[in-house]
2 protein chains.
Amino acid sequence: MSVPLYQAKAEMFRTLGHPVRIRVLELLQDGPRPVRDLLAEIDVEASNLSQQLAVLRRVGIVVSFREGSLVMYALSTPDVADLLAAGRRILGAVLTDRDGLLVELRAQNRPGART
Amino acid sequence: MSVPLYQAKAEMFRTLGHPVRIRVLELLQDGPRPVRDLLAEIDVEASNLSQQLAVLRRVGIVVSFREGSLVMYALSTPDVADLLAAGRRILGAVLTDRDGLLVELRAQNRPGART
DNA sequence: GAGCGAGTTGAAGATTTTCGCAACTCCGAA
DNA sequence: TTCGGAGTTGCGAAAATCTTCAACTCGCTC
C-alpha cells in the first residue's frame, strides 16, 4: 500500500478531529442545513464556523450551495453516518467512565436516538 | 449534548489522523504484533513509532503487553476495523481520482481484501 | 553483573492548526 | 443605489503536533 494512500486516510480522519467539525457533521446527518442554523446550535464565531466548514469542504466530505440568500451545507455522502457511529462504539468500548461521558454516550446509542 | 463529549469524539478521530498511526491500526487488525514487526513494515524511526504508539495507547485504542523480551501491541476493541472500513468507504465516495489513489483503494475494498 | 537488543521517554526545534478580528463579497429589500 | 444580513477570507498570534536526538529502562545471555 502506498504512502500517499495512508496520508489520504489520515487526512480524512484528521478532518473529523475537531469538536466543531464533528458537531457540524452530526447536525448534517439529518439533512441539509443553512449555515445560520449551524451557527445557532454550535456557539462559535461565524468566522470560525466558516473556517471549519471550509476544512470539511476541502476534503470533500460536505458540499455547499446557495438557496436564496442562505448558504446550505450537506453531507456529500451518507457514509459519514457510519463513521460517526463507529466512532461512538469505540468511544463506548474505550471509556471507563471519565467525567460521566459514558452515560451520555450510552443515551445516544439507544436505538432511534439521534446524535 | 455536552461540549466535552464532542471533544472526546474529536480526540478519538484526531488520534487516527496520522499516517503512521493509521498504518499501525491496519496492521493490528490481523491480531497482536510485536513492535519489532511494526517497525519492519512501517519505515519510520523506532522512537517515532514509539511516540505514535504512545498516542494510541493514551486514548485507549490499543493496549501493550510484554511477551518475553518483546513488547506486543493489540487493538483494545475490534470495532476499530469498522471505523477504518467506514473511512475507506468515504474516501471512495469522495475521491474522484486524484493521483490514481482511487484505483488502489478499490483493490482494498474487494471482498476478502485486507488493508 | 557487563553487554546487548528491544523499546520508551524527555526535550527542543520545526511545522501545522486554531481562533478572533477586520475587511470583503453577495444577495435582497427599501 | 444604498443599506443590512449572511457568509467568507486574510492575517497574525497562540496553541498543539510532529520529528529527531540523546539518554534511559527492561530482559536476556554470557
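FYI, side chains are in, hydrogens and waters are out, and symmetry mates aren't considered; it's all heavy atoms of this structure. In what follows, chains are A, B, ... by sequence order, proteins preceding strands, each numbered from 1. Just so you know, these numbers come straight off a predicted model, no measurement behind them.
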Integer-rounded Å distance: [N] [atom2] and [X] [atom1]:
| X | N | atom1 | atom2 | answer |
| --- | --- | --- | --- | --- |
| A:Leu56 | D:dT8 | CG | P | 12 Å |
| A:Asp43 | C:dG20 | CG | C1' | 14 Å |
| A:Gln7 | C:dT15 | CD | C1' | 14 Å |
| B:Leu49 | C:dG7 | CG | P | 9 Å |
| A:Leu53 | D:dT9 | CG | C1' | 13 Å |
| A:Arg58 | C:dT16 | CZ | P | 14 Å |
| A:Glu45 | C:dA22 | CD | P | 10 Å |
| B:Glu11 | C:dT17 | CD | C1' | 16 Å |

Linking Ile, Leu, Val, Met, Phe, Trp and Tyr by side-chain heavy atoms under 4.5 Å, what else ends up with B:Val63?
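Reading the cluster by chain and number, B:Val63 sits alone, since nothing else belongs.
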
Residues clustering with B:Val55 (ILVMFWY side chains joined when closer than 4.5 Å, directly or via others):
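Result for B:Val55 is none, singleton.
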
Identify which nucleotide among D:dT20, C:dT9, C:dG20 has an atom closest to any side-chain atom of B:Arg57, counting heavy atoms from C-beta outward.
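The answer is C:dT9.
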
Residues of residues 32-41 of chain A with any non-hydrogen atom less than 4.0 angstrom from an atom of DNA chain C: list those, numerically ordered, please.
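By residue number: none to list.
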
With a 3.5 Å cut-off and sequence neighbours excluded, list the donor-acceptor pairs that the side chains of residues 70-85 of chain A form with protein atoms.
from: A:Tyr73; atom 1: OH; to: A:Arg57; atom 2: NE; distance (Å): 3.1
from: A:Tyr73; atom 1: OH; to: A:Arg57; atom 2: NH2; distance (Å): 3.3
from: A:Ser76; atom 1: OG; to: A:Gly60; atom 2: O; distance (Å): 2.7
from: A:Ser76; atom 1: OG; to: A:Ile61; atom 2: O; distance (Å): 3.2
from: A:Thr77; atom 1: OG1; to: A:Asp79; atom 2: N; distance (Å): 3.0
from: A:Thr77; atom 1: OG1; to: A:Asp79; atom 2: OD2; distance (Å): 3.3
from: A:Asp82; atom 1: OD2; to: B:Arg89; atom 2: NH2; distance (Å): 3.1

Any side-chain heavy-atom pair of B:Ile22 and B:Glu26 under 4.5 Å
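Counting from C-beta outward, B:Ile22 and B:Glu26 do come under 4.5 Å.
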
Heavy-atom side-chain contact between A:Asp37 and A:Pro34 under 4.5 Å:
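In short, these two side chains touch, coming nearer than 4.5 Å.
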
Take A:Val94 and B:Val59 through the test side chain to side chain contact (heavy atoms under 4.5 Å, CB included) and record every step on the way to the result.
CA-CA 8 Å; A:Val94 150; B:Val59 305; 5.7 Å; no

If every non-hydrogen atom of [X] is compared with every non-hydrogen atom of [Y], which pair is closest and at what distance?
| X | Y | answer |
| --- | --- | --- |
| B:Leu53 | B:Val62 | O-CG2, 4.3 Å |
| B:Pro19 | A:Gln7 | CG-CG, 3.8 Å |
| A:Phe13 | B:Gly87 | CZ-CA, 4.1 Å |

Detail all sub-3.5 Å separations between protein N/O atoms and N/O atoms belonging to nucleotides 16-18 of chain D.
from: D:dT17; atom 1: OP1; to: B:Arg14; atom 2: NE; distance (Å): 3.4
from: D:dC18; atom 1: OP2; to: B:Arg21; atom 2: NH1; distance (Å): 3.3

Extract from the structure each pairing of a protein N or O with an N or O of nucleotides 11-13 of chain C at less than 3.5 Å, listing the distance.
from: C:dA11; atom 1: N6; to: B:Gln51; atom 2: NE2; distance (Å): 3.2

Please list every donor-acceptor pair under 3.5 Å in which a side-chain atom of residues 39-51 of chain B meets a protein atom from a residue at least two apart or in another chain.
from: B:Glu41; atom 1: OE2; to: B:Arg33; atom 2: NH1; distance (Å): 3.1
from: B:Glu41; atom 1: OE2; to: B:Arg33; atom 2: NH2; distance (Å): 3.3
from: B:Asn48; atom 1: OD1; to: B:Gln52; atom 2: NE2; distance (Å): 2.9

If only atom types and distance count, is the side chain of B:Arg14 paired as donor or acceptor with the main-chain N or O of A:Leu16 below 3.5 Å?
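Checking the backbone N and O of A:Leu16 against the side chain of B:Arg14, no donor-acceptor pair under 3.5 Å is found.
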
Distance criterion of 3.5 Å, no angle test: do you see the side chain of A:Ser47 paired donor-to-acceptor with the base of C:dC21?
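Indeed there is one.
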
Which residue, B:Arg21, B:His18, B:Arg23, forms the side-chain hydrogen bond (donor to acceptor under 3.5 Å, both in side chains) with A:Tyr6?
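Filter result, single survivor: B:Arg23.
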
Atom pairs, N/O to N/O, protein against nucleotides 25-29 of chain C, distance under 3.5 Å?
none

Would you say C:dA6 has OP1 or OP2 under 4.0 Å from some side-chain N or O of B:Tyr73?
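No, no such contact exists.
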
